[in-house]
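The analysis underlying the following values was restricted to heavy atoms, covering all of them including side chains, and did not include hydrogens, waters or symmetry mates.
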Amino acid sequence: MTADFAILIPARYASTRYPGKPLASLRGADGQPRSLIQRSWEAAVGVASADRVWVATDDQRIADAVRAFGGQVVMTLESCRNGTERCAAALDVLGNVAPIVVNLQGDAPLTPDFVVADLVRALAADPDAAMATPAVRCSDSLYRHLVTDQAAGRVGGTTVVFNAHHTALYFSKRVIPHVAPDRADAHAHVHLHLGVYAYRPAALADYAATLPSPLEELEGLEQLRFLETGRRIRVVPFDPIGWDCIELNNPEDVPAIEAILRERGIR
């Protein structure tokens, strides 16, 4: 049985790489456009009831769009430096909504529902972990997507390495670990980190009270603040899940995401 949890979707308008990204349009199987934030909301309510899901934002344009499709909004300060800080700020407004809070980042509409449920279960069973997050073993096509982005100088998906106890060792926007390019099984050694986190409220509050760490600022990866301050991150690994969970990091990702929406029959 899955522990009690709520979902927060942090969303900001002023993305450096893709300004206005939450309102970017994605066409599904029916050819009709829906915004990225609406698709992220629909992915979240596929896991939790709608009254347990909030979009956390500081931007009125995003808030208006969410309310227009019937979503819940919690307004946060502009000073939030990343999604985890925004989730902490949202809890300051909402109060104690659940013993576990899931951060489903607003650029990952292809995240499977079972990933969230498995994260919540893993964190509930691991009292020493500050946070739980998923790692999906790359398919050959996903691996090629990542290395193509890297070769073109685009910042694409995040990869993660972890030990035998499923404790995170490092996250990077480079493809890690390095695998010799002539290996036919190169993809099998790389895990894509999906932008989903499960935390306890106390861990979120501690995170927000800690200054950004050097590696966090260099990589632009919020989860590195947990690692650099000695907090344990539980990684929940998954084998390739039947479709490539590409995140919308750059405008060039739109055609690939739309193709997966069509293949999966998602309107």
A.B. asks: What orientation do His193 and Phe171 show, parallel under 30°, tilted 30 to 60°, or perpendicular over 60°?
C.D. replies: perpendicular
A.B. asks: CG of Leu227 to CE of Met131: how many Å apart, nearest 0.5 Å?
C.D. replies: 7.5 Å
A.B. asks: In Å and rounded to the nearest 0.5 Å, what is the OG1 to CG distance from Thr76 to Leu91?
C.D. replies: 11.0 Å
A.B. asks: Would Leu104 and Tyr197 satisfy side-chain contact (heavy atoms from CB on, under 4.5 Å), going step by step from the backbone distance to the final call?
C.D. replies: CA-CA 7 Å; Leu104 180 63; Tyr197 307 99; over 6 Å; no
A.B. asks: Taking the side chain as every heavy atom from C-beta outward, state whether Val196 and Leu119 have any atom pair closer than 4.5 Å.
C.D. replies: yes
A.B. asks: Could you go step by step and tell me if Arg267 and Arg34 meet the side-chain contact (heavy atoms from CB on, under 4.5 Å) rule?
C.D. replies: CA-CA 9 Å; Arg267 298 176 56 206; Arg34 287 178 177 80; 3.9 Å; yes
A.B. asks: Compare all side-chain heavy atoms of Leu36 with those of Leu23 and state whether any distance is below 4.5 angstrom.
C.D. replies: no
A.B. asks: So, for Pro201 and Val101, which heavy atoms are closest and what is the spacing to 0.1 Å?
C.D. replies: CG-CG2, 4.4 Å
A.B. asks: Do you see a donor-acceptor pair shorter than 3.5 Å between the side chains of Ser49 and Asp51?
C.D. replies: yes
A.B. asks: With side-chain contact (heavy atoms from CB on, under 4.5 Å) as the criterion, how do Asp58 and Leu77 come out once you've worked through the C-alpha distance, each side chain's angles and the decisive distance to 0.1 Å?
C.D. replies: CA-CA 6 Å; Asp58 59 16; Leu77 297 175; over 6 Å; no
A.B. asks: Is the NZ or CZ atom of Arg225 positioned over Tyr207's six-membered ring, under 6.0 angstrom from the centre and within 45° of the axis?
C.D. replies: yes
A.B. asks: Any non-hydrogen side-chain atom of Ile100 less than 4.5 Å from a side-chain atom of Asp4?
C.D. replies: no
A.B. asks: Quiz question: by atom type and distance under 3.5 Å, do the side chains of Asn103 and Tyr199 form a donor-acceptor pair?
C.D. replies: yes
A.B. asks: Should Tyr170 and Leu215 count as side-chain neighbours, where that means a heavy-atom distance under 4.5 Å?
C.D. replies: yes
A.B. asks: Any side-chain heavy-atom pair from Val47 and Phe114 closer than 4.5 angstrom?
C.D. replies: no
A.B. asks: Has Arg81 got a side-chain atom pairing as donor or acceptor with Arg86's backbone, closer than 3.5 angstrom?
C.D. replies: no
A.B. asks: Going by atom types only, do Arg183 and His189 share a side-chain donor-acceptor pair under 3.5 Å?
C.D. replies: yes
A.B. asks: Would you say Val136 ends up clustered with Tyr143 if hydrophobic residues are merged whenever their side chains have heavy atoms under 4.5 Å apart, either directly or through other cluster members?
C.D. replies: yes
A.B. asks: Using a 4.5 Å cut-off on heavy atoms from C-beta on, say whether the side chain of Met75 contacts that of Val73.
C.D. replies: yes
A.B. asks: Quick check: closest heavy atoms across Asp206 and Arg231, and the distance to 0.1 Å?
C.D. replies: CB-NH2, 3.6 Å
A.B. asks: Distance from Thr158 atom OG1 to Asn249 atom CG, nearest 0.5 Å?
C.D. replies: 7.0 Å
A.B. asks: Could you tell me the separation between the CD1 atom of Ile176 and the CG atom of Leu146, rounded to the nearest 0.5 Å?
C.D. replies: 11.5 Å
A.B. asks: Grouping I, L, V, M, F, W and Y whenever their side-chain heavy atoms are under 4.5 Å apart, do Ile9 and Phe5 come out in a common cluster?
C.D. replies: yes
A.B. asks: Counting distance only, does the side-chain N/O of Arg262 pair as donor-acceptor with the main-chain N or O of Ala29 below 3.5 Å?
C.D. replies: no
A.B. asks: In terms of ring plane angle, is the pair His191 and Phe162 parallel, tilted or perpendicular, where the classes change at 30° and 60°?
C.D. replies: perpendicular
A.B. asks: Determine whether more than 12 heavy atoms belonging to other residues, nucleotides or ligands lie under 6.0 Å from atom CZ of Arg174.
C.D. replies: no
A.B. asks: Hydrogens and angles aside, do Ser141 and Asp244 bring a side-chain donor and acceptor to less than 3.5 Å of each other?
C.D. replies: yes
A.B. asks: Hey, is the main chain of Lys173 close enough, under 3.5 Å, to the side chain of Glu219 for a donor-acceptor pair?
C.D. replies: yes
A.B. asks: Give a yes or no answer on whether the side chain of Gln72 reaches the backbone of Val53 with a donor-acceptor pair at less than 3.5 Å.
C.D. replies: yes
A.B. asks: How far apart are the closest heavy atoms of Val235 and Ala168, and which atoms are they?
C.D. replies: CG2-CB, 3.7 Å
A.B. asks: Check for a donor-acceptor pair, side chain of Ser40 on one end and backbone N or O of Gly106 on the other, with a separation under 3.5 Å.
C.D. replies: yes
A.B. asks: Any donor and acceptor pair, going by atom type alone, linking the side chain of Lys21 with main-chain N or O of Leu248 inside 3.5 Å?
C.D. replies: yes
A.B. asks: Indicate the atoms forming the closest heavy-atom contact of Pro10 with Leu8, along with that distance.
C.D. replies: CD-O, 3.4 Å
A.B. asks: Please indicate whether Arg154 has more than 12 foreign heavy atoms, meaning atoms of other residues, nucleotides or ligands, lying under 6.0 Å from its CZ.
C.D. replies: yes
A.B. asks: So which atom in Phe69 and which in Trp41 form the shortest heavy-atom distance, rounded to 0.1 Å?
C.D. replies: CE1-CG, 3.5 Å
A.B. asks: Any donor and acceptor pair, going by atom type alone, linking the side chain of Thr57 with main-chain N or O of Ile62 inside 3.5 Å?
C.D. replies: no
A.B. asks: Output the distance between atom CG (Leu26) and atom CG (Leu110), rounded to the nearest 0.5 Å.
C.D. replies: 8.5 Å
A.B. asks: Let's go through Arg39 and Leu261 carefully: what are the C-alpha distance in whole Å and the side-chain angles of both, what is the deciding distance for side-chain contact (heavy atoms from CB on, under 4.5 Å) to 0.1 Å, and is it a yes or a no?
C.D. replies: CA-CA 10 Å; Arg39 292 195 177 279; Leu261 292 172; 3.8 Å; yes
A.B. asks: Is it possible for you to say whether Val179 and Val161 belong to one hydrophobic cluster, with membership spreading through side-chain heavy-atom contacts below 4.5 Å?
C.D. replies: no
A.B. asks: Any donor and acceptor pair, going by atom type alone, linking the side chain of Glu216 with main-chain N or O of Ser213 inside 3.5 Å?
C.D. replies: yes
A.B. asks: Return yes if some donor-acceptor pair links the side-chain N/O of Asn82 with the main-chain N/O of Glu85 below 3.5 Å, else return no.
C.D. replies: yes
A.B. asks: Taking the basic N atoms (NZ, or NE/NH1/NH2) and the acidic carboxylate oxygens, is any pair closer than 4.0 Å for Arg234 and Asp128?
C.D. replies: no
A.B. asks: Is it the case that one hydrophobic cluster holds both Ile7 and Val66, taking links as side-chain heavy atoms less than 4.5 Å apart, direct or via other members?
C.D. replies: yes
A.B. asks: Give a yes or no on whether the backbone of Val155 and the side-chain of Gln150 come within a donor-acceptor separation of less than 3.5 Å.
C.D. replies: no
A.B. asks: A side-chain contact here means heavy atoms from C-beta on lying under 4.5 Å apart; do Val254 and Tyr18 qualify?
C.D. replies: yes
A.B. asks: Ignoring hydrogens and geometry beyond distance, is a side-chain donor-acceptor pair present between Gln223 and Thr84 at under 3.5 Å?
C.D. replies: no
A.B. asks: What is the minimum heavy-atom distance between Pro134 and Phe238, and which atoms define it?
C.D. replies: CB-CE1, 3.7 Å
A.B. asks: For the atom pair CD1 (Ile246) and CG (Leu194), what is the distance rounded to the nearest 0.5 Å?
C.D. replies: 11.5 Å
A.B. asks: Any non-hydrogen side-chain atom of Pro112 less than 4.5 Å from a side-chain atom of Cys245?
C.D. replies: yes
A.B. asks: Cation-pi between Arg61 and Tyr13: NZ/CZ under 6.0 Å from ring centre and within 45° of the ring axis?
C.D. replies: yes
A.B. asks: Using the rule that two of Ile, Leu, Val, Met, Phe, Trp, Tyr join whenever any of their side-chain heavy atoms come within less than 4.5 Å, decide whether Leu204 and Leu94 are in one cluster.
C.D. replies: yes
